Q: 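Below is the structure I would like to discuss, written out as structure tokens.
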Amino acid sequence: MLTLKNITESKDEVIRRLAKKCFNGKEIIENVISLDEKRRNVQTQLDAGLAEMNKLSKEIGDLFKQGKQAEANEAKVKTTEIKEASTKLSDELKTIEAELNSILVTIPNLPHESVPEGRVAEDNLVERSGGAIPELGKDAVPHWELAKRYDLIDFELGVKITGAGFPVYKGKGARLQRALISFFLDSAREAGYLEIQPPYLVNADSGYGTGQLPDKEGQMYHATADDLYLIPTAEVPVTNIYRDVILNESELPVMNTAYSACFRREAGSYGKDVRGLNRLHQFDKVEIVRIDKPEHSYQSLTEMVDYVQSLVDKLELPWRILRLCGGDMSFTSALTFDFEVYSAAQQRWLEVSSVSNFESYQANRLKCRYRKADDKKIQLCHTLNGSALALPRIVAALLENNQTPDGIRIPKTLIPYTGFDIID
RNA sequence: GGAGAGGUGCUCGAGUGGUUGAAGAGGCACGCCUGGAAAGCGUGUAUACCCCUAAAGGGUAUCGAGAGUUCGAAUCUCUUCCUCUCCGCCA
């Protein structure tokens, strides 16, 4: 969430920038500011009362020690009044703070100045693109048919075992998954990221830390018996490593990578969007996460985007990078680049990665801070993450784009990992 | 799941009602000492919020979390979470 300091110190700018995210913040920001004034006022009064109490308590203690019982008892009477007032003020403070917090979590992050105006996906800017879109013959088929033809992925079997959106990968289909995961992790490590194997279940605190809770609770599978949540992305456990942590400036940027299975309930979805591998309840993804200092975070974002680009290039997939417009960005992001690869048989672009800088929005909730080297002051870190990459749609594009009469060709980079060069 | 022990600052560790934000030790930082280093000596070493702010300064809260008793709680009571040990189960 946004910091109170940011809101109160640059109210007009905050309102202006929120507008780009199609968020009318005028009224809500005014409300925050007046609540904050009230909060400070109440705390000042409360603190004064408590200070008086502490003073009196010490005096009473001294009086008892000196055996002056009568005077001590007299002083006790005075405390009752102060105590009552303090209790009232304290309750008031808690109410105000809770209200303030509940409002703050409804305000989205401010978009970066470079975010284009726009409301919907069509308003996103194509930043750049690469790779050649293959010319497939008339008999080209979508990946779900290829998966069946070569017995790579069994969607119906997944339905039997679990339900829709939980495919079973078999044979070369399973080996391709494993190859991609290894390739992505090895590449990330070579690029300087520390490999992490996180838990797949997280507690509620972690859910709040990265912002899945409370508003997006429905997106996550909830293991109610133990009150744990299945992770929708490795971002959640990996970023939460740094919850309530004060890093040294010299440790930044932190660069972590993790593979995990990801679980998403994805309530509203329909039609061709959900065919085959396009949208699943369980899928595999390698994530990259960075924690950085503010003045370097956009450099980090650029490096992350370039890194993801190197992956799709190595996989020989046609790709494009979108700079998301204000209206299409996620709630928490300040700047997001989406990667799409072209799925030649479906004749559509598929999102395979989303690389974002959250600036201090997520860090504020996480309380992830760092100590500056020069003046030792503590301030919020910036957090960033990106998929590098999500497997299902990469697999869809690989299968479709590389289909030939003889079988499905495996890109050169992947062959050492798969152990085969063609699926036939 | 059953039984027991325990959660204190960067770490270890003392502390069973009153100048304890917290002894002591270690670590770390800076300074002195040294030709250099070690040892030694000295100083410092939490976070959040509020007031005041140019700076300095002052206040409040925090000893897993929450509630209670009390003029006063790290210390007493209750609730809760977590960790460890033994048993059971088990990849």
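Throughout, a chain's letter reflects where its sequence line sits, starting with A, and its residues are numbered from 1. In what follows, every heavy atom counts, from backbone to side chain, and hydrogens, waters and symmetry copies are set aside. Since the model is a prediction, treat every value here as computed from it, not as a measurement.
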Q: So what does A:Asn73 touch, heavy atoms closer than 4.0 Å: a base, only the sugar-phosphate, or nothing?
A: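 Answer is nothing: A:Asn73 stays at 4.0 Å or more from every strand.
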Q: What does the 5'-to-3' dot-bracket notation of RNA chain B look like when only Watson-Crick and G-U wobble pairs under 3.5 Å count, and pairs to other strands show as |?
A: ((((((((.[[[..)..(.....]]]((((((.......))))))((((((.....)))))).[[[[[..)....]]]]])))))))....
Q: At 4.0 Å (heavy atoms only), tell me whether A:Lys58 reaches a base, stays on the sugar-phosphate, or touches nothing.
A: nothing
Q: Taking the six-membered ring for Trp, are the ring centroids of A:His112 and A:Tyr298 within less than 6.0 Å of each other?
A: yes
Q: Less than 6.0 angstrom from the centroid, inside 45 degrees of the normal: does A:Lys293 satisfy that with respect to the ring of A:Tyr370?
A: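 No, A:Lys293 does not sit over the ring of A:Tyr370.
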Q: Categorize A:Ala75 for me: base, sugar-phosphate, or nothing, with a 4.0 angstrom heavy-atom threshold over every strand shown.
A: nothing
Q: Can you tell me, in whole Å, how much space there is between the P of B:A14 and that of B:A23?
A: 14 Å
Q: Sequence neighbours left out, what passes side chain to side chain contact (heavy atoms under 4.5 Å, CB included) with A:Thr3? Give chain and number order.
A: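 Partners of A:Thr3 under the side chain to side chain contact (heavy atoms under 4.5 Å, CB included) test: A:Lys5, A:Asn6, A:Asn364, A:Leu380.
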Q: Identify, with sequence neighbours excluded, every residue that meets side chain to side chain contact (heavy atoms under 4.5 Å, CB included) alongside A:Asp375.
A: A:Lys372, A:Lys377
Q: So which protein nitrogen or oxygen atoms get under 3.5 Å of nucleotides 44-55 of chain B's nitrogens or oxygens?
A:
| from | atom 1 | to | atom 2 | distance (Å) |
| --- | --- | --- | --- | --- |
| B:U47 | OP1 | A:Arg371 | NH1 | 2.9 |
| B:U47 | OP1 | A:Arg371 | NH2 | 3.3 |
| B:U47 | O3' | A:Arg369 | NH1 | 3.2 |
| B:A48 | OP1 | A:Arg369 | NH1 | 3.3 |
| B:C49 | O3' | A:Arg39 | NH2 | 2.5 |
| B:C49 | O2' | A:Gln43 | OE1 | 2.4 |
| B:C49 | O2' | A:Gln43 | NE2 | 3.0 |
| B:C49 | O2 | A:Gln43 | NE2 | 3.3 |
| B:C50 | OP1 | A:Arg39 | NH2 | 2.7 |
| B:C50 | O2' | A:Thr44 | OG1 | 2.6 |
| B:C51 | OP1 | A:Arg40 | NE | 3.2 |

Q: Are more than 12 heavy atoms, taken from residues, nucleotides or ligands other than A:Gln197, located less than 6.0 Å from that residue's CD atom?
A: no
Q: From the options A:Val120, A:Asn124, A:Asp123, select the one residue that forms a side chain to side chain contact (heavy atoms under 4.5 Å, CB included) with A:Asp328.
A: A:Asn124
Q: What residues form a ring-ring contact (aromatic ring centres under 6.0 Å, His included) with A:Phe263, not counting sequence neighbours?
A: none
Q: If the condition is ring-ring contact (aromatic ring centres under 6.0 Å, His included), which residues does A:Tyr417 pass it with, not counting sequence neighbours?
A: A:Phe183
